[in-house]
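Chain letters run A, B, ... following the sequence lines, proteins first, then strands; residues in each count from 1.
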Amino acid sequence: MAELPFATDAIAPRLLAWYSKQGRALPWRQTRDPYRIWLSEIMLQQTTVAAVIGYYQRFLENFPSVEHLAAAPQEAVIDLWAGLGYYARARNLHAAAKMLVEEFGGEFPQTVTELQQLPGVGRSTAGAISALAFERHAPILDGNVRRILCRLFALQQPPRSSAAEKQLWHWAELLTPVADVHDYTQAIMDLGATVCLPRKPLCEDCPLSELCQAREFGLEQQLPLKQKSKPVPIRHEAALLLEKQGKYLVRRRPASGLLGGLWEFPTVSIADGEMAEQKVRLLMSDFAVSGDLRPLGNITHIYSHFRLELQLFQLSIDDFPQVAEAENDWCAAEELSQLALHGAHKKALEKLQGSGE
DNA sequence: AATTCGGGGGA
DNA sequence: TCCCCAGAATT
(Lines give C-alpha, C1' and ligand atoms only; values in the text may rest on other atoms or scores of the structure.)
Protein backbone atom coordinates (compact mmCIF):
# COMPACT_ATOMS: atom_id res chain seq x y z
CA MET A 1 0.00 0.00 0.00
CA ALA A 2 1.05 3.57 -0.62
CA GLU A 3 2.63 5.55 2.13
CA LEU A 4 0.05 7.22 4.31
CA PRO A 5 -0.17 11.01 4.22
CA PHE A 6 -0.90 11.26 7.94
CA ALA A 7 -0.85 9.22 11.10
CA THR A 8 -3.94 7.03 11.08
CA ASP A 9 -4.40 7.36 14.82
CA ALA A 10 -4.90 11.11 14.38
CA ILE A 11 -8.36 10.59 12.89
CA ALA A 12 -10.39 8.95 15.65
CA PRO A 13 -9.67 11.52 18.42
CA ARG A 14 -10.67 14.37 16.13
CA LEU A 15 -13.86 12.61 15.10
CA LEU A 16 -14.76 11.71 18.68
CA ALA A 17 -14.25 15.25 19.91
CA TRP A 18 -16.37 16.60 17.07
CA TYR A 19 -19.09 13.99 17.65
CA SER A 20 -19.43 14.79 21.34
CA LYS A 21 -20.36 18.35 20.41
CA GLN A 22 -21.97 18.11 16.96
CA GLY A 23 -23.37 14.57 16.81
CA ARG A 24 -27.07 14.14 16.16
CA ALA A 25 -29.38 12.50 18.68
CA LEU A 26 -30.94 9.61 16.78
CA PRO A 27 -33.29 6.96 18.19
CA TRP A 28 -30.88 4.03 17.76
CA ARG A 29 -28.01 5.85 19.42
CA GLN A 30 -29.43 5.54 22.90
CA THR A 31 -29.28 1.76 22.93
CA ARG A 32 -26.75 -1.05 22.79
CA ASP A 33 -29.45 -3.66 22.19
CA PRO A 34 -28.18 -5.64 19.18
CA TYR A 35 -31.74 -6.23 18.02
CA ARG A 36 -32.46 -2.53 17.78
CA ILE A 37 -29.10 -1.75 16.25
CA TRP A 38 -29.49 -4.53 13.71
CA LEU A 39 -32.97 -3.29 12.79
CA SER A 40 -31.76 0.29 12.36
CA GLU A 41 -28.82 -0.81 10.21
CA ILE A 42 -31.04 -2.85 7.90
CA MET A 43 -33.59 -0.05 7.57
CA LEU A 44 -30.85 2.48 6.88
CA GLN A 45 -29.35 0.54 3.98
CA GLN A 46 -29.62 2.88 0.99
CA THR A 47 -32.24 4.86 2.92
CA THR A 48 -32.08 8.27 4.54
CA VAL A 49 -32.34 8.81 8.28
CA ALA A 50 -35.40 11.01 7.88
CA ALA A 51 -37.24 8.26 6.01
CA VAL A 52 -36.34 5.59 8.55
CA ILE A 53 -37.20 7.14 11.92
CA GLY A 54 -40.98 6.68 11.74
CA TYR A 55 -40.66 3.14 10.40
CA TYR A 56 -38.16 2.26 13.10
CA GLN A 57 -40.46 3.37 15.92
CA ARG A 58 -43.51 1.69 14.43
CA PHE A 59 -41.64 -1.53 13.78
CA LEU A 60 -40.41 -1.74 17.37
CA GLU A 61 -43.88 -1.12 18.74
CA ASN A 62 -45.10 -4.13 16.78
CA PHE A 63 -42.01 -6.31 17.21
CA PRO A 64 -40.20 -5.27 20.42
CA SER A 65 -37.81 -8.22 20.35
CA VAL A 66 -36.27 -10.69 17.95
CA GLU A 67 -38.60 -13.34 19.37
CA HIS A 68 -41.65 -11.27 18.50
CA LEU A 69 -40.32 -10.72 15.01
CA ALA A 70 -39.49 -14.39 14.47
CA ALA A 71 -42.98 -15.41 15.55
CA ALA A 72 -44.75 -13.01 13.19
CA PRO A 73 -46.15 -14.00 9.79
CA GLN A 74 -44.07 -12.69 6.93
CA GLU A 75 -47.00 -10.65 5.61
CA ALA A 76 -47.12 -8.63 8.82
CA VAL A 77 -43.45 -7.77 8.43
CA ILE A 78 -43.87 -6.73 4.79
CA ASP A 79 -46.89 -4.59 5.66
CA LEU A 80 -44.83 -2.62 8.19
CA TRP A 81 -42.10 -2.17 5.60
CA ALA A 82 -44.43 -0.91 2.88
CA GLY A 83 -43.18 2.40 1.48
CA LEU A 84 -39.62 1.99 2.71
CA GLY A 85 -38.37 0.22 -0.40
CA TYR A 86 -35.98 -2.65 -1.04
CA TYR A 87 -38.43 -5.22 0.27
CA ALA A 88 -35.94 -8.07 0.20
CA ARG A 89 -34.64 -6.40 3.35
CA ALA A 90 -37.91 -7.18 5.12
CA ARG A 91 -37.86 -10.79 3.95
CA ASN A 92 -34.24 -11.20 4.97
CA LEU A 93 -34.87 -9.52 8.30
CA HIS A 94 -37.65 -11.96 9.07
CA ALA A 95 -35.61 -14.97 7.94
CA ALA A 96 -32.67 -13.77 10.03
CA ALA A 97 -34.89 -13.36 13.09
CA LYS A 98 -36.01 -16.97 12.75
CA MET A 99 -32.41 -18.07 12.35
CA LEU A 100 -31.38 -16.13 15.42
CA VAL A 101 -34.10 -17.69 17.54
CA GLU A 102 -33.80 -21.22 16.22
CA GLU A 103 -30.05 -21.54 15.72
CA PHE A 104 -28.54 -18.94 18.02
CA GLY A 105 -30.94 -19.28 20.95
CA GLY A 106 -32.08 -15.68 20.54
CA GLU A 107 -28.57 -14.36 21.21
CA PHE A 108 -26.82 -12.25 18.61
CA PRO A 109 -23.36 -13.38 17.56
CA GLN A 110 -20.70 -10.71 18.05
CA THR A 111 -18.16 -11.29 15.29
CA VAL A 112 -18.33 -9.98 11.75
CA THR A 113 -17.92 -13.47 10.34
CA GLU A 114 -20.85 -14.86 12.27
CA LEU A 115 -23.06 -11.83 11.75
CA GLN A 116 -22.50 -12.06 8.02
CA GLN A 117 -24.17 -15.47 8.05
CA LEU A 118 -27.47 -13.69 8.65
CA PRO A 119 -29.42 -12.95 5.48
CA GLY A 120 -29.36 -9.25 4.64
CA VAL A 121 -26.20 -8.67 6.66
CA GLY A 122 -23.17 -8.00 4.49
CA ARG A 123 -19.69 -6.95 5.48
CA SER A 124 -20.50 -3.35 6.35
CA THR A 125 -23.69 -4.05 8.29
CA ALA A 126 -21.94 -6.86 10.15
CA GLY A 127 -19.16 -4.44 11.05
CA ALA A 128 -21.68 -1.88 12.22
CA ILE A 129 -23.52 -4.31 14.49
CA SER A 130 -20.28 -5.70 15.88
CA ALA A 131 -18.93 -2.23 16.61
CA LEU A 132 -22.12 -0.53 17.76
CA ALA A 133 -23.64 -3.27 19.89
CA PHE A 134 -20.51 -5.04 21.14
CA GLU A 135 -17.69 -2.46 20.94
CA ARG A 136 -15.73 -4.80 18.72
CA HIS A 137 -12.93 -3.49 16.55
CA ALA A 138 -14.79 -3.80 13.26
CA PRO A 139 -14.76 -1.34 10.36
CA ILE A 140 -17.70 -0.30 8.22
CA LEU A 141 -17.76 0.98 4.64
CA ASP A 142 -21.05 2.68 3.91
CA GLY A 143 -21.68 5.59 1.57
CA ASN A 144 -20.56 8.12 4.16
CA VAL A 145 -17.28 6.40 4.97
CA ARG A 146 -16.61 5.72 1.31
CA ARG A 147 -16.98 9.39 0.45
CA ILE A 148 -14.92 10.57 3.42
CA LEU A 149 -12.08 8.16 2.65
CA CYS A 150 -12.07 9.04 -1.05
CA ARG A 151 -11.49 12.66 -0.05
CA LEU A 152 -9.25 12.08 2.92
CA PHE A 153 -6.84 10.05 0.79
CA ALA A 154 -7.66 11.81 -2.51
CA LEU A 155 -8.46 8.51 -4.18
CA GLN A 156 -8.32 9.03 -7.95
CA GLN A 157 -10.35 6.03 -9.07
CA PRO A 158 -14.07 5.24 -9.25
CA PRO A 159 -14.98 4.26 -5.68
CA ARG A 160 -17.05 1.23 -6.71
CA SER A 161 -14.29 -0.44 -8.69
CA SER A 162 -12.96 -3.58 -7.08
CA ALA A 163 -9.47 -2.10 -6.67
CA ALA A 164 -10.90 0.96 -4.93
CA GLU A 165 -13.17 -1.18 -2.80
CA LYS A 166 -10.22 -3.18 -1.52
CA GLN A 167 -8.20 -0.05 -0.82
CA LEU A 168 -11.12 1.64 0.96
CA TRP A 169 -11.71 -1.33 3.24
CA HIS A 170 -8.04 -1.33 4.10
CA TRP A 171 -8.13 2.35 5.04
CA ALA A 172 -11.38 1.90 6.94
CA GLU A 173 -9.73 -0.77 9.02
CA LEU A 174 -6.66 1.37 9.68
CA LEU A 175 -8.70 4.33 10.88
CA THR A 176 -11.08 2.38 13.12
CA PRO A 177 -9.86 2.66 16.71
CA VAL A 178 -9.85 -0.12 19.28
CA ALA A 179 -11.50 2.00 21.94
CA ASP A 180 -14.74 3.97 21.61
CA VAL A 181 -15.70 2.06 18.48
CA HIS A 182 -19.40 2.73 18.92
CA ASP A 183 -18.98 6.48 19.03
CA TYR A 184 -16.32 6.46 16.32
CA THR A 185 -18.60 4.55 13.97
CA GLN A 186 -21.53 6.86 14.62
CA ALA A 187 -19.22 9.85 14.33
CA ILE A 188 -17.80 9.04 10.94
CA MET A 189 -21.28 8.37 9.54
CA ASP A 190 -22.52 11.62 11.04
CA LEU A 191 -19.63 13.54 9.54
CA GLY A 192 -20.52 12.19 6.11
CA ALA A 193 -24.19 12.97 6.57
CA THR A 194 -23.81 16.53 7.86
CA VAL A 195 -20.38 17.90 6.85
CA CYS A 196 -18.58 15.84 4.20
CA LEU A 197 -21.58 16.16 1.89
CA PRO A 198 -21.70 14.70 -1.63
CA ARG A 199 -21.89 18.18 -3.11
CA LYS A 200 -20.42 21.27 -1.50
CA PRO A 201 -18.74 19.70 1.53
CA LEU A 202 -18.58 22.04 4.53
CA CYS A 203 -14.83 21.83 4.95
CA GLU A 204 -14.73 24.81 7.33
CA ASP A 205 -16.74 22.75 9.82
CA CYS A 206 -14.76 19.54 9.35
CA PRO A 207 -12.49 18.27 12.13
CA LEU A 208 -10.40 16.44 9.51
CA SER A 209 -9.86 19.30 7.07
CA GLU A 210 -6.22 19.80 8.07
CA LEU A 211 -5.50 16.18 7.17
CA CYS A 212 -7.70 15.92 4.08
CA GLN A 213 -5.72 15.31 0.90
CA ALA A 214 -8.57 16.30 -1.39
CA ARG A 215 -8.75 19.60 0.47
CA GLU A 216 -5.01 20.07 0.15
CA PHE A 217 -5.13 19.52 -3.61
CA GLY A 218 -8.34 21.51 -4.08
CA LEU A 219 -10.17 18.38 -5.20
CA GLU A 220 -12.88 18.23 -2.54
CA GLN A 221 -15.57 19.13 -5.08
CA GLN A 222 -14.33 16.59 -7.64
CA LEU A 223 -13.97 13.56 -5.37
CA PRO A 224 -15.20 10.93 -5.18
CA LEU A 225 -15.08 10.41 -8.95
CA LYS A 226 -18.48 9.99 -10.58
CA GLN A 227 -19.53 6.67 -12.02
CA LYS A 228 -20.94 6.79 -15.53
CA SER A 229 -24.65 6.12 -15.52
CA LYS A 230 -26.61 4.15 -18.07
CA PRO A 231 -29.85 5.33 -19.67
CA VAL A 232 -32.88 3.99 -17.81
CA PRO A 233 -35.27 1.78 -19.80
CA ILE A 234 -39.04 2.31 -19.79
CA ARG A 235 -41.49 -0.44 -18.86
CA HIS A 236 -45.14 -0.22 -19.81
CA GLU A 237 -47.93 -1.75 -17.78
CA ALA A 238 -51.69 -1.45 -17.48
CA ALA A 239 -53.78 -1.88 -14.35
CA LEU A 240 -57.43 -2.86 -14.06
CA LEU A 241 -59.33 -1.05 -11.34
CA LEU A 242 -62.24 -3.43 -11.04
CA GLU A 243 -65.11 -2.12 -8.92
CA LYS A 244 -68.16 -3.83 -7.52
CA GLN A 245 -70.44 -2.09 -5.02
CA GLY A 246 -67.75 0.35 -3.99
CA LYS A 247 -65.10 -2.29 -3.51
CA TYR A 248 -62.01 -2.83 -5.64
CA LEU A 249 -60.15 -5.97 -6.53
CA VAL A 250 -56.59 -6.08 -5.20
CA ARG A 251 -54.01 -8.79 -4.76
CA ARG A 252 -50.63 -9.40 -3.23
CA ARG A 253 -47.61 -9.66 -5.49
CA PRO A 254 -45.53 -12.83 -5.21
CA ALA A 255 -43.39 -12.85 -2.06
CA SER A 256 -40.09 -12.67 -3.93
CA GLY A 257 -38.90 -10.41 -6.71
CA LEU A 258 -39.75 -6.79 -7.40
CA LEU A 259 -41.99 -5.24 -4.74
CA GLY A 260 -42.42 -8.69 -3.22
CA GLY A 261 -45.45 -9.12 -1.00
CA LEU A 262 -46.95 -5.70 -1.64
CA TRP A 263 -50.54 -5.14 -2.73
CA GLU A 264 -51.63 -3.88 -6.12
CA PHE A 265 -54.50 -3.70 -8.56
CA PRO A 266 -54.36 -6.50 -11.13
CA THR A 267 -51.72 -5.53 -13.67
CA VAL A 268 -50.46 -6.68 -17.06
CA SER A 269 -47.24 -5.80 -18.81
CA ILE A 270 -47.39 -4.13 -22.23
CA ALA A 271 -44.68 -5.15 -24.68
CA ASP A 272 -43.64 -2.94 -27.58
CA GLY A 273 -46.42 -2.86 -30.18
CA GLU A 274 -49.08 -4.19 -27.85
CA MET A 275 -52.26 -2.29 -27.07
CA ALA A 276 -52.90 -1.69 -23.39
CA GLU A 277 -56.66 -2.05 -23.63
CA GLN A 278 -56.37 -5.43 -25.36
CA LYS A 279 -54.06 -6.74 -22.67
CA VAL A 280 -56.50 -5.52 -20.02
CA ARG A 281 -59.29 -7.41 -21.79
CA LEU A 282 -57.25 -10.58 -21.40
CA LEU A 283 -57.15 -9.83 -17.70
CA MET A 284 -60.94 -9.37 -17.75
CA SER A 285 -61.44 -12.75 -19.31
CA ASP A 286 -59.32 -14.28 -16.56
CA PHE A 287 -61.73 -12.79 -14.06
CA ALA A 288 -64.75 -13.64 -16.26
CA VAL A 289 -66.03 -10.08 -16.26
CA SER A 290 -67.20 -7.85 -19.08
CA GLY A 291 -68.26 -4.26 -19.67
CA ASP A 292 -66.95 -0.94 -20.86
CA LEU A 293 -63.46 0.04 -19.76
CA ARG A 294 -63.07 3.63 -18.64
CA PRO A 295 -59.57 5.05 -19.22
CA LEU A 296 -58.33 6.91 -16.16
CA GLY A 297 -55.08 8.20 -17.65
CA ASN A 298 -51.44 7.36 -16.96
CA ILE A 299 -49.11 7.16 -14.00
CA THR A 300 -45.36 7.60 -14.21
CA HIS A 301 -43.27 6.07 -11.46
CA ILE A 302 -39.49 6.21 -11.23
CA TYR A 303 -37.46 3.29 -9.95
CA SER A 304 -33.71 3.17 -9.65
CA HIS A 305 -33.17 1.07 -12.75
CA PHE A 306 -36.25 1.70 -14.93
CA ARG A 307 -39.18 4.02 -15.44
CA LEU A 308 -42.71 2.68 -15.26
CA GLU A 309 -45.48 4.03 -17.46
CA LEU A 310 -48.73 2.69 -16.06
CA GLN A 311 -52.05 3.04 -17.86
CA LEU A 312 -55.18 2.84 -15.75
CA PHE A 313 -58.55 1.39 -16.72
CA GLN A 314 -61.59 1.36 -14.48
CA LEU A 315 -64.44 -1.11 -14.84
CA SER A 316 -67.62 -1.35 -12.77
CA ILE A 317 -69.51 -4.61 -12.63
CA ASP A 318 -72.71 -5.89 -11.00
CA ASP A 319 -72.29 -9.65 -11.12
CA PHE A 320 -69.98 -11.34 -8.74
CA PRO A 321 -67.03 -12.53 -10.81
CA GLN A 322 -65.29 -15.82 -10.39
CA VAL A 323 -62.15 -14.64 -8.71
CA ALA A 324 -59.90 -16.91 -6.75
CA GLU A 325 -60.40 -15.53 -3.27
CA ALA A 326 -57.16 -16.97 -1.99
CA GLU A 327 -55.04 -14.65 -4.11
CA ASN A 328 -57.39 -11.71 -4.48
CA ASP A 329 -59.40 -9.53 -2.20
CA TRP A 330 -62.16 -6.96 -2.44
CA CYS A 331 -61.33 -3.77 -0.65
CA ALA A 332 -63.40 -0.66 0.06
CA ALA A 333 -61.93 2.72 -0.86
CA GLU A 334 -61.20 3.70 2.72
CA GLU A 335 -59.45 0.36 3.28
CA LEU A 336 -57.35 0.79 0.16
CA SER A 337 -55.57 3.80 1.57
CA GLN A 338 -54.52 1.70 4.58
CA LEU A 339 -53.34 -1.16 2.40
CA ALA A 340 -49.66 -1.88 1.72
CA LEU A 341 -49.90 -0.80 -1.91
CA HIS A 342 -46.63 -0.09 -3.69
CA GLY A 343 -45.85 3.44 -4.82
CA ALA A 344 -47.14 3.36 -8.36
CA HIS A 345 -50.49 1.95 -7.32
CA LYS A 346 -50.77 4.39 -4.46
CA LYS A 347 -50.65 7.04 -7.15
CA ALA A 348 -53.27 5.07 -9.08
CA LEU A 349 -55.53 5.11 -6.03
CA GLU A 350 -55.16 8.86 -5.70
CA LYS A 351 -56.08 9.30 -9.35
CA LEU A 352 -59.07 7.03 -8.88
CA GLN A 353 -60.32 8.98 -5.88
CA GLY A 354 -59.68 12.25 -7.69
CA SER A 355 -61.78 11.04 -10.60
CA GLY A 356 -64.94 11.12 -8.52
CA GLU A 357 -65.20 7.48 -7.54
C1' DA B 1 -17.97 -7.71 -12.75
C1' DA B 2 -22.52 -6.29 -13.59
C1' DT B 3 -27.27 -6.20 -12.43
C1' DT B 4 -31.24 -6.14 -9.42
C1' DC B 5 -33.72 -4.05 -5.94
C1' DG B 6 -37.56 1.64 -3.98
C1' DG B 7 -38.62 5.63 -2.71
C1' DG B 8 -37.70 10.20 -1.25
C1' DG B 9 -35.24 14.53 -1.08
C1' DG B 10 -31.91 18.14 -2.31
C1' DA B 11 -29.91 21.15 -5.61
C1' DT C 1 -33.38 16.41 -14.30
C1' DC C 2 -29.60 14.12 -11.83
C1' DC C 3 -27.57 12.21 -7.87
C1' DC C 4 -27.39 10.06 -3.48
C1' DC C 5 -28.78 7.48 0.48
C1' DA C 6 -25.86 3.56 7.50
C1' DG C 7 -25.63 -2.16 0.72
C1' DA C 8 -26.66 -7.03 -0.12
C1' DA C 9 -27.85 -10.73 -3.06
C1' DT C 10 -27.99 -12.63 -7.41
C1' DT C 11 -26.41 -13.56 -12.00
Side-chain angles (χ1 to χ4, degrees), chain A residues 24 26-29 36-56 78 81-93 95-96 115-133 138-148 150 158-166 168-169 172 182 184-194 196-201 221 224-233 235 253 256-262 300-308 340-347:
Chain A
R24 294 173 296 176
L26 298 175
W28 41 87
R29 289 185 173 170
R36 290 174 179 247
I37 288 170
W38 167 58
L39 176 64
S40 73
E41 287 303 320
I42 300 297
M43 283 190 166
L44 285 160
Q45 286 169 1
Q46 297 293 288
T47 309
T48 55
V49 165
V52 164
I53 289 179
Y55 281 88
Y56 176 77
I78 301 288
W81 208 273
L84 199 53
Y86 284 161
Y87 300 96
R89 293 184 296 174
R91 299 196 298 271
N92 287 332
L93 191 80
L115 285 162
Q116 259 189 275
Q117 310 297 322
L118 300 173
V121 177
R123 185 173 176 185
S124 189
T125 300
I129 299 169
S130 190
L132 297 174
I140 65 165
L141 187 60
D142 72 327
N144 293 307
V145 177
R146 181 175 285 108
R147 183 170 57 255
I148 290 170
C150 282
R160 295 291 187 165
S161 68
S162 58
E165 197 81 357
K166 187 178 176 187
L168 289 166
W169 271 110
H182 174 278
Y184 168 83
T185 302
Q186 295 290 4
I188 195 167
M189 289 190 284
D190 236 5
L191 188 75
T194 65
C196 197
L197 304 171
R199 279 168 291 202
K200 294 210 172 188
Q221 306 273 359
L225 295 182
K226 305 287 180 245
Q227 313 275 131
K228 49 190 169 194
S229 57
K230 297 191 317 177
V232 293
R235 292 187 200 175
R253 294 173 63 90
S256 64
L258 181 70
L259 304 167
L262 270 68
T300 300
H301 196 72
I302 309 292
Y303 296 88
S304 51
H305 53 302
F306 66 93
R307 195 177 85 198
L308 175 64
L341 291 167
H342 64 263
H345 284 216
K346 231 181 283 180
K347 290 182 188 172

*asked:* I need the single residue from A/Arg147, A/Glu165, A/Lys226, A/Gln227 that forms a side chain to side chain contact (heavy atoms under 4.5 Å, CB included) with A/Pro159. Which is it?
replied: A/Gln227
*Counting any heavy atom closer than 4.0 Å, what does A/Ser229 reach on the DNA or RNA strands: base, sugar-phosphate only, or nothing?*
sugar-phosphate
*Treat a base pair as Watson-Crick or G-U wobble with both distances under 3.5 Å, then lay out DNA chain B in dot-bracket form, 5' to 3', with | for cross-strand pairs.*
|||||.|||||
*Determine whether the side chains of A/Arg89 and A/Gln45 contain a donor N or O and an acceptor N or O closer than 3.5 Å.*
no
_I need the CZ-C1' distance between A/Arg199 and B/dG9, as an integer number of Å._
10 Å
*Could you give the CH2-to-P distance, from A/Trp81 to B/dC5, as a whole number of Å?*
18 Å
_Contact under 4.0 Å: A/His305 side-chain N or O vs B/dC5 OP1/OP2_ = yes
*Specify the residue among A/Lys200 and A/Ser161 whose closest nucleotide of DNA chain B lies further upstream toward the 5′ end.*
A/Ser161
*Atom C1', compared across B/dC5 and C/dC5: separation rounded to whole Å*: 14 Å
*Who are the ring pair (Phe, Tyr, Trp, His ring centres under 6.0 Å) partners of A/Trp169, not counting sequence neighbours?*
none
*B/dG8 P sits how many Å from A/Ile302 CD1, rounded?*
12 Å
*asked:* Tell me the interatomic distance from A/His301, atom NE2, to B/dG8, atom C1', rounded to whole angstroms.
replied: 10 Å
*Nearest-Å distance, CG (A/Leu262) to C1' (B/dG7)?*
12 Å
*Hey, does A/Lys226 reach any base, or is it just sugar-phosphate, or nothing, if we go heavy atoms under 4.0 Å?*
sugar-phosphate
*Length of the CG-P vector between A/Leu258 and B/dC5, whole Å*: 5 Å
*asked:* Taking side-chain contact (heavy atoms from CB on, under 4.5 Å) as the definition, give me every residue that meets it alongside A/Ala193, ordered by chain and number, with sequence neighbours left out.
replied: A/Arg24, A/Asn144
*Integer angstrom distance from the C1' of C/dC4 to that of B/dG6*: 13 Å
*Taking the same atom, P, in C/dA6 and in B/dG10, what whole-Å distance lies between them?*
13 Å
_A/Arg253 vs A/His342 side-chain heavy atoms within contact, under 4.5 Å_ = yes
_Please enumerate all residues that pass ring pair (Phe, Tyr, Trp, His ring centres under 6.0 Å) together with A/His182, with sequence neighbours excluded._
none
*For A/Tyr55, ring pair (Phe, Tyr, Trp, His ring centres under 6.0 Å) partners two or more places apart*: none
*Would you mind classifying the nucleic acid contact of A/Lys230 as base, sugar-phosphate or nothing, using non-hydrogen atoms under 4.0 angstrom?*
sugar-phosphate
*Tell me, please, which residues at least two apart from A/Leu225 pass side-chain contact (heavy atoms from CB on, under 4.5 Å).*
A/Pro158, A/Leu223
*Taking only residues two or more places apart in sequence or in another chain, which ones pass side-chain contact (heavy atoms from CB on, under 4.5 Å) with A/Ala138?*
A/Val112, A/Ser130
*Nearest-Å distance, CG (A/Leu259) to P (B/dG6)?*
5 Å
*asked:* I'd like to check the side-chain contact (heavy atoms from CB on, under 4.5 Å) partners of A/Asn92; sequence neighbours left out, ordered by chain and number.
replied: A/Ala88, A/Pro119
*Give the B/S/- string for nucleotides 6-11 of chain C, one per nucleotide from 5' to 3', where a protein heavy atom under 4.0 Å of the base yields B, of only the sugar-phosphate yields S, and otherwise -.*
BBSS--
*Whole-Å gap separating P (C/dC4) and CG (A/Leu225)*: 11 Å
